[in-house]
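Right, one structure below, let's go through it.
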Amino acid sequence: EADEDETQVQTADDLEDEICFTCIQLLRLAKISGLEEEGSRRHFIAVMKDVLASLDTPDDLLEGCIQAIGYAHENESHFLQTVSEILANLSDLTSKEEATMKDLEACLQLRIVSILSIVLENLSPQIATSPILQNFSCYILPSITN
C-alpha cells in the first residue's frame with residue numbers, strides 16, 4: 001500500500017510539472033504575441049492579476065507570469081501600479097484571516113516577497129524614483145518582521 005501511495009504522489013507531481021511546463025510555454029507565447037489590441041491587453045492583465053494573487057498558483061509560474069504581465073504594459077510605471085494592486089489584494093487576504101490562520105498568513109507574506117523579488121530584479125534603474133516603488137516597503141516590512 002505504501003508503494004501505491006508513493007506512485008500516486010509521483011504521478012501527481014509529474015502532472016503538476018507537465019501543467020507548469022505548458023503554462024510557462026503559454027506565457028512565453030503571450031510575451032511574443034505583442035498584445036497590441038487594448039482590450040486583449042487589459043483582459044490578459046486582469047487574468048494575470050488573478051493568477052498572481054492566488055496561492056493556488058505554483059511558485060514555478062511566478063516569474064513567467066510577472067514577466068508576461070510586464071510585457072503587456074506600455075511602461076514600467078503602469079506595470080508597478082498593477083504589481084501594487086496585486087500586492088494589495090494579497091495583503092487584504094492576510095488582514096481578513098483570523099489570527100489562528102498563521103500558516104496562511106505566512107504563505108501570503110512569502111508570496112508577496114517572492115513577487116517583489118522577481119519584480120525588483122527585472123526593473124530598470126530609471127524607475128527607482130517611482131513613488132509606487134517606494135511604497136513597496138509597506139509590503140516588505142510586515143513580511144520580514146513577522
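Contact detail for N89 and A53: the closest heavy-atom pair is CB-CB, 4.3 Å. Nearest heavy-atom pair across E76 and I127 is OE1-CB, 3.6 Å. Residue I115 comes nearest to L52 through the heavy atom pair CD1-O, 3.7 Å, listed as atom of the first residue, atom of the second, then distance. For A72 against F44, the heavy-atom pair with the smallest separation is CB-CD2, 3.8 Å. In terms of heavy atoms, H78 sits closest to N75 at N-OD1, 2.8 Å. Residues L62 and S114 share a closest heavy-atom pair of CD1-CB, 3.8 Å.
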Inset, instruction - Could you go through the side-chain contact (heavy atoms from CB on, under 4.5 Å) check for H73 and L80 one step at a time? - result: CA-CA 9 Å; H73 283 83; L80 286 179; over 6 Å; no

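In terms of modelled atom types and a separation under 3.5 Å, the side chain of S91 and the main chain of L87 share a donor-acceptor contact.
To the nearest 0.5 Å, the span separating CG on D50 from OG1 on T57 amounts to 9.5 Å. Put simply, CD1 on I66 and CZ on F79 are 6.5 Å apart, with the number rounded to the nearest 0.5 Å. Rounding to the nearest 0.5 Å gives a distance of 6.0 Å between CD of E74 and CD of E38. Atom CD1 of I45 sits about 9.5 Å away from atom CD1 of I86, to the nearest 0.5 Å. For the atom pair CG (L90) and OG (S54), the distance works out to 9.0 Å, reported to the nearest 0.5 Å.
When the options L123, I132, L120, V119 are evaluated for a side chain to side chain contact (heavy atoms under 4.5 Å, CB included) with V83, the one that passes is V119.
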